[in-house]
Student: 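Here you go, one structure.
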Amino acid sequence: MKAMPASVRPALRRLARRLAIGLFLDVWPAWAVASFLLAGLVALVCRMFFAGAASSLHWLWLAPVVTAVPALVVCFIRAYRPAEVVALADWLNGGQGLLLTLLETGDPAWADSPILERASTFALPRLRPWRKLAALLPALAFLAAAWLLPQRMPPQGSNAVLADDIAAGLTATVAELKQQELITPADEKRLQEEIERIRRGAQERVDASSWEAADALREKVAAGLSEKQDAVKWARESLDRYAAAAQAGSNIGPGSEASAAELTKALEKLAQSGLLAGAPADLQRLLKSGKLPADAKSLGELTASLSKYLGETNGRIGDLARLGKEFGRFDPSEFPLESGQSPPGEDPGRGGIDRGRADAALTWGKESLPFDRFKSEALPPGAPRSPDDWAPLVVLPGAPRESPELSAPSAARQYAATAGEAAWRRTLAPRHQSAVKKYFQK
Amino acid sequence: MTGDARALLAPERVAGGAAKVARLVAELRRVILGKEQTIDEVVAALLARGHVLLEGLPGLGKTELVKALSRLLSLDFRRIQFTPDLLPTDITGSHILQEREGRKEFVFHPGPVFTNLLLADEINRASPKTQAALLEAMQERRVTTFGETRSLPDPFFVLATQNPIELEGTYPLPEAQLDRFMFKVDIAGVERSVLEEILVTRVHGEPPALEPVLAASELNELFGLVDAIHLPRGVAAYIARLVAASHPACADAPEAVRTFVKYGSSPRAAISIGAASRGLALLRGKPNVGFDEVRRVAPPAMAHRLVLDYAARLEGWDGRRVVAALLDAIPEIERGLPQTLEAR
């Protein structure tokens with residue numbers, strides 16, 4: 001451009017700027033359309049599959065701005081050279097060729113000529129940006145539509161929430177047990193593993209079995225508490241019996257030995273249940289030695305200490321008894337059957353009744369404790385009952401009626417009373433009478 | 001001469017040359033009324049030292065134009081009326097046995113071709129053999145007879161005429177012969193107003209008396225000025241693209257060329273366009289050739305060089321129409337405006 005006369009340069013610079021703008025508007029919209037479509041696609045995919053990216057989707061609006069960079073690079077590469085700008089200026093001026101000539105020769109002789117003055121007064125080309133920018137609108141609408149789509153929460157996400165909910169309830173229960181020192185570390189670890197297994201199962205699929213498993217675990221905890229409560233109760237009763245026996249005999253005799261053995265067993269049971277972990281020091285020593293004190297004073301102190309401790313423990317267990325009664329919030333209405341679908345198990349090939357996990361512990365609740373499960377109990381002495389004790393209370397209308405023929409007096413019937421027939425006829429059911437009759441007629 | 005960083009013609013020299021040419025043109029326009037475009041084309045070809053074939057109906061002033069030109073330029077002028085029995089030696093000249101200084105020898109008698117301005121009237125009436133006698137003269141500006149080559153006077157122009165309607169007993173010019181002509185100028189009919197002017201100003205149709213306006217030396221100076229007219233590279237590229245696109249095999253060829261043209265223009269067409277554009281630029285008082293001059297001279301320079309297909313005759317296409325389609329299809333600048341810009 002420096003070779004051109006000064007009078008022409010401003011017009012040529014204006015034309016060069018206009019050409020640069022036009023070139024950018026030629027190049028950039030295609031990139032912007034591509035970026036809008038790509039951003040829209042990304043937004044669509046995120047809306048459908050990646051809920052975590054929802055908070056970052058607004059950055060996609062910067063995509064066309066980013067594409068301005070490569071567009072500018074392309075414009076820089078394709079920029080109009082000075083000779084092309086001058087040729088265009090010449091063309092816009094009617095094709096006189098004088099500007100091209102001056103660019104090539106740099107001859108200043110014609111700088112002030114009227115011909116050059118006319119050549120430098122060309123009209124700049126008109127800008128028509130919408131020819132290219134119009135293509136942006138559909139792509140922009142696509143991105144806007146994708147961006148405005150509601151975020152789709154994936155199914156596994158809701159499962160995870162429910163699984164965490166189930167596990168949180170169980171964990172809270174275990175934490176409460178731990179706080180009250182009613183659980184051993186081994187039991188706690190086992191329960192945590194069980195809770196984790198329930199949570200993982202619920203993450204894969206949440207259905208009635210998930211809640212049933214949680215309830216089963218709660219029942220298991222409740223059963224454990226009940227067992228502990230029974231153990232405490234047994235220990236208190238054993239202690240009472242031992243104390244009573246000790247006071248009655250004032251010496252350790254055969255009766256008190258049995259009571260002492262029972263108390264020792266009860267205390268061992270308490271230790272096994274982990275209930276003596278927080279016991280007073282004298283109780284701990286007693287458990288280590290395994291022998292009950294023989295003197296009355298020590299026995300009295302032990303009795304008072306153990307009684308107090310067992311009372312407190314029983315109170316704590318009583319407070320936590322509600323844990324076994326608060327079941328999960330399973331609501332069958334949350335798992336409605338699909339319309340027109342039969343309940344599971346009614347259609348052939350659709351599976352049977354869901355009984356929960358196969359490895360779930362079979363806990364029935366309120367079972368007999370091991371120590372008193374087979375405790376013998378003396379029954380009252382029995383006595384053989386006479387058939388005469390059997391008397392009809394009422395004769396129902398549907399009862400068989402005696403036929404008149406049979407009612408008529410006969411030789412056999414004359415001795416019926418003595419043969420005891422009247423008795424079995426009265427006491428036996430009609431369907432058994434023939435069998436009894438055959439037996440006695442042999 | 002293209003793309004050189006050399007000085008342009010000074011404005012005064014261009015103005016002086018343009019004034020002389022303008023005088024010539026004005027005198028010609030005084031003789032030939034209503035043919036401004038034709039006169040411009042002939043003068044442009046003359047300044048480019050090219051030969052011109054004038055084609056038109058009888059009585060349209062073809063011969064009168066050439067005669068007026070010869071009178072105005074003070075050049076030696078010869079006229080050959082081409083007839084079927086014309087022989088090549090009638091044009092080039094021949095050796096005649098003569099007695100000189102007591103002995104007989106062949107002496108060359110130059111033909112009418114040895115002149116500055118040769119009017120080949122109704123050139124298509126001569127046989128191709130006779131027409132071919134002009135080939136060497138037109139291209140190389142020399143004549144060879146009996147193994148002796150003689151240069152023709154400088155300048156040498158051939159202005160030929162032909163009648164497009166009386167085809168019986170005529171011999172169409174072969175392509176090689178046509179290619180030697182820089183321009184083929186079609187002489188169109190005159191308008192009514194021009195006819196009125198002729199009737200009022202001319203008694204018996206006689207043209208006004210003319211006095212020479214350009215001496216031989218001035219004409220040579222004009223030739224020098226024409227040669228110094230600058231042809232920018234962009235304009236030269238336009239000429240090249242235009243001529244290249246006249247070939248059907250060219251990728252840029254428009255549909256009309258692909259359909260109706262059998263053979264495109266020769267490189268001589270591009271040379272002729274460049275040279276004639278320079279002449280026209282001087283005629284317009286410009287120191288350089290522009291796109292406009294190229295568009296102006298392209299039809300008479302290219303139309304007769306195209307070999308059209310038989311389909312063109314059936315469809316009513318001639319060389320001028322094909323060149324017009326070519327000019328419409330080929331952009332003047334190789335790289336145009338961006339799509340988002342529009343010329344006002």
Side-chain angles (χ1 to χ4, degrees), chain A residues 3 15 17-30 75 78-81 83-116 118-119 122-134, chain B residues 1-16 18 228-239 241-242 273-274 277-278 280-298 327 330-344:
Chain A
L15 178 63
R17 279 197 297 269
R18 184 64 61 89
L19 289 172
I21 294 170
L23 185 60
F24 179 76
L25 290 174
D26 263 12
V27 173
W28 178 72
C75 288
R78 297 184 189 169
Y80 282 81
R81 289 174 287 126
E84 291 172 331
V85 175
V86 173
L88 276 167
D90 238 341
W91 176 70
L92 290 169
N93 198 34
Q96 296 299 315
L98 184 58
L99 295 176
L100 276 174
T101 301
L102 291 178
L103 180 72
E104 290 179 5
T105 61
D107 193 341
W110 289 80
D112 300 326
S113 67
I115 301 177
L116 185 62
R118 286 196 299 273
F122 54 88
L124 286 176
R126 191 177 286 118
L127 204 57
R128 294 278 187 244
W130 288 110
R131 287 179 180 173
K132 289 283 185 176
L133 292 180
Chain B
M1 291 283 182
T2 60
D4 297 335
R6 62 180 178 83
L8 283 176
L9 286 172
E12 300 79 22
R13 291 189 66 195
V14 174
I229 295 289
H230 185 76
L231 177 64
R233 276 198 178 275
V235 180
Y238 177 50
I239 297 172
R241 279 186 285 119
L242 208 57
I273 292 172
S277 298
R278 283 194 172 99
L280 190 61
L282 182 63
L283 183 62
R284 292 177 172 181
K286 289 173 58 180
N288 65 281
V289 175
F291 298 108
D292 190 45
E293 282 80 29
V294 174
R295 294 180 67 88
R296 177 68 187 78
V297 303
L327 289 171
I330 304 300
E332 294 164 341
I333 42 180
E334 200 158 8
R335 189 178 180 193
L337 290 171
Q339 293 179 22
T340 47
L341 293 182
E342 184 183 78
R344 293 174 195 265

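Proteins come first, then strands; the chains are lettered A, B, ... in the order of their sequence lines, and each starts at number 1.
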Student: Pro287(B) versus chain A, heavy atoms under 4.5 Å apart: side chain, backbone, both or neither?
Tutor: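 Looking at Pro287(B), backbone and side chain both touch chain A.
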Student: Highest number of heavy-atom pairs under 4.5 Å with chain A: which of Asn288(B), Asp292(B), Val14(B), Val289(B)?
Tutor: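 When all of Asn288(B), Asp292(B), Val14(B), Val289(B) are compared, Asn288(B) has the most.
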Student: How about Leu99(A) and Asn93(A): do any of their side-chain heavy atoms sit closer than 4.5 Å?
Tutor: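 No - every pair of side-chain heavy atoms lies 4.5 Å or more apart.
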Student: Contact between Val235(B) and Phe291(B) at the side-chain level, heavy atoms closer than 4.5 Å - yes or no?
Tutor: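 A side-chain contact exists here, since the closest heavy-atom pair is under 4.5 Å.
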Student: Shorter than 4.5 Å, heavy atoms on both sides: which option in Glu293(B), Gln339(B), Arg335(B), Lys286(B) has the most such pairs with chain A?
Tutor: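 Highest number of pairs under 4.5 Å: Arg335(B).
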Student: Using a 3.5 Å distance criterion without hydrogens, assess whether the side chain of Lys132(A) forms a donor-acceptor pair with backbone atoms of Thr340(B).
Tutor: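 Flag not set: sc Lys132(A) to bb Thr340(B) has no pair under 3.5 Å.
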Student: Chain B heavy atoms under 4.5 Å from Leu133(A): which part of the residue, side chain, backbone, both or neither?
Tutor: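 Neither; nothing under 4.5 Å.
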Student: Donor-acceptor check, side chain of Thr101(A) to backbone of Pro232(B), threshold 3.5 angstrom: yes or no?
Tutor: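 Not a single qualifying donor-acceptor pair exists.
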Student: Minimum heavy-atom separation for Leu341(B) to Arg18(A), with atom names?
Tutor: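 Nearest pair, atom of Leu341(B) first, then Arg18(A): CD1-O, 3.5 Å.
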Student: Which of the residues Leu98(A), Ile21(A), Leu102(A) is involved in the greatest number of heavy-atom pairs with chain B at under 4.5 angstrom?
Tutor: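 The option with the most such pairs is Leu98(A).
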Student: Answer with side chain, backbone, both or neither: which region of Val294(B) has an atom nearer than 4.5 Å to a non-hydrogen atom of chain A?
Tutor: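 Nothing of Val294(B), per the 4.5 Å heavy-atom cut-off to chain A.
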Student: Is it true that atom CZ of Arg344(B) has more than 12 heavy atoms of other residues, nucleotides or ligands lying nearer than 6.0 Å?
Tutor: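 Check passes, neighbour count above 12.
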Student: Would the number of heavy atoms belonging to other residues, nucleotides or ligands and lying under 6.0 Å from CZ of Arg295(B) be above 12?
Tutor: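 Counting other residues, nucleotides and ligands, CZ of Arg295(B) exceeds 12 neighbours.
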Student: Heavy-atom pairs under 4.5 Å with chain B - which of Arg126(A), Arg131(A), Glu84(A) has more of them than the others?
Tutor: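 Going by pairs under 4.5 Å, I would pick Arg126(A).
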Student: Which bit of Glu342(B) comes within less than 4.5 Å of chain A, counting heavy atoms only: side chain, backbone, both or neither?
Tutor: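 Both parts, backbone and side chain.
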Student: Name the region of Leu92(A), side chain, backbone, both or neither, that has any atom closer than 4.5 Å to a heavy atom of chain B.
Tutor: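 Just the side chain, heavy atoms under 4.5 Å.
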Student: Can you tell which part of Leu337(B) gets under 4.5 Å to a heavy atom of chain A, answering side chain, backbone, both or neither?
Tutor: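 Both parts, backbone and side chain.
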Student: Measure Tyr80(A) against the heavy atoms of chain B and call it side chain, backbone, both or neither at under 4.5 Å.
Tutor: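 Answer is both: backbone and side chain atoms of Tyr80(A) are under 4.5 Å from chain B.
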Student: So which of Pro11(B), Gly234(B), Ala343(B) has the biggest tally of heavy-atom pairs under 4.5 Å with chain A?
Tutor: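 The option with the most such pairs is Pro11(B).
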Student: Please classify the contact between Ser113(A) and chain B as side chain, backbone, both or neither, with a heavy-atom cut-off of under 4.5 Å.
Tutor: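 Nothing of Ser113(A), per the 4.5 Å heavy-atom cut-off to chain B.
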Student: Identify the heavy atoms of Gly285(B) and Trp110(A) that sit nearest to each other, and give their distance.
Tutor: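 Looks like O-CH2, 4.5 Å.
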Student: I'd like to know if the side chain of Asp26(A) and the backbone of Cys75(A) have a donor-acceptor N/O pair within less than 3.5 Å.
Tutor: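 Here the side-chain-to-backbone pair does not exist.
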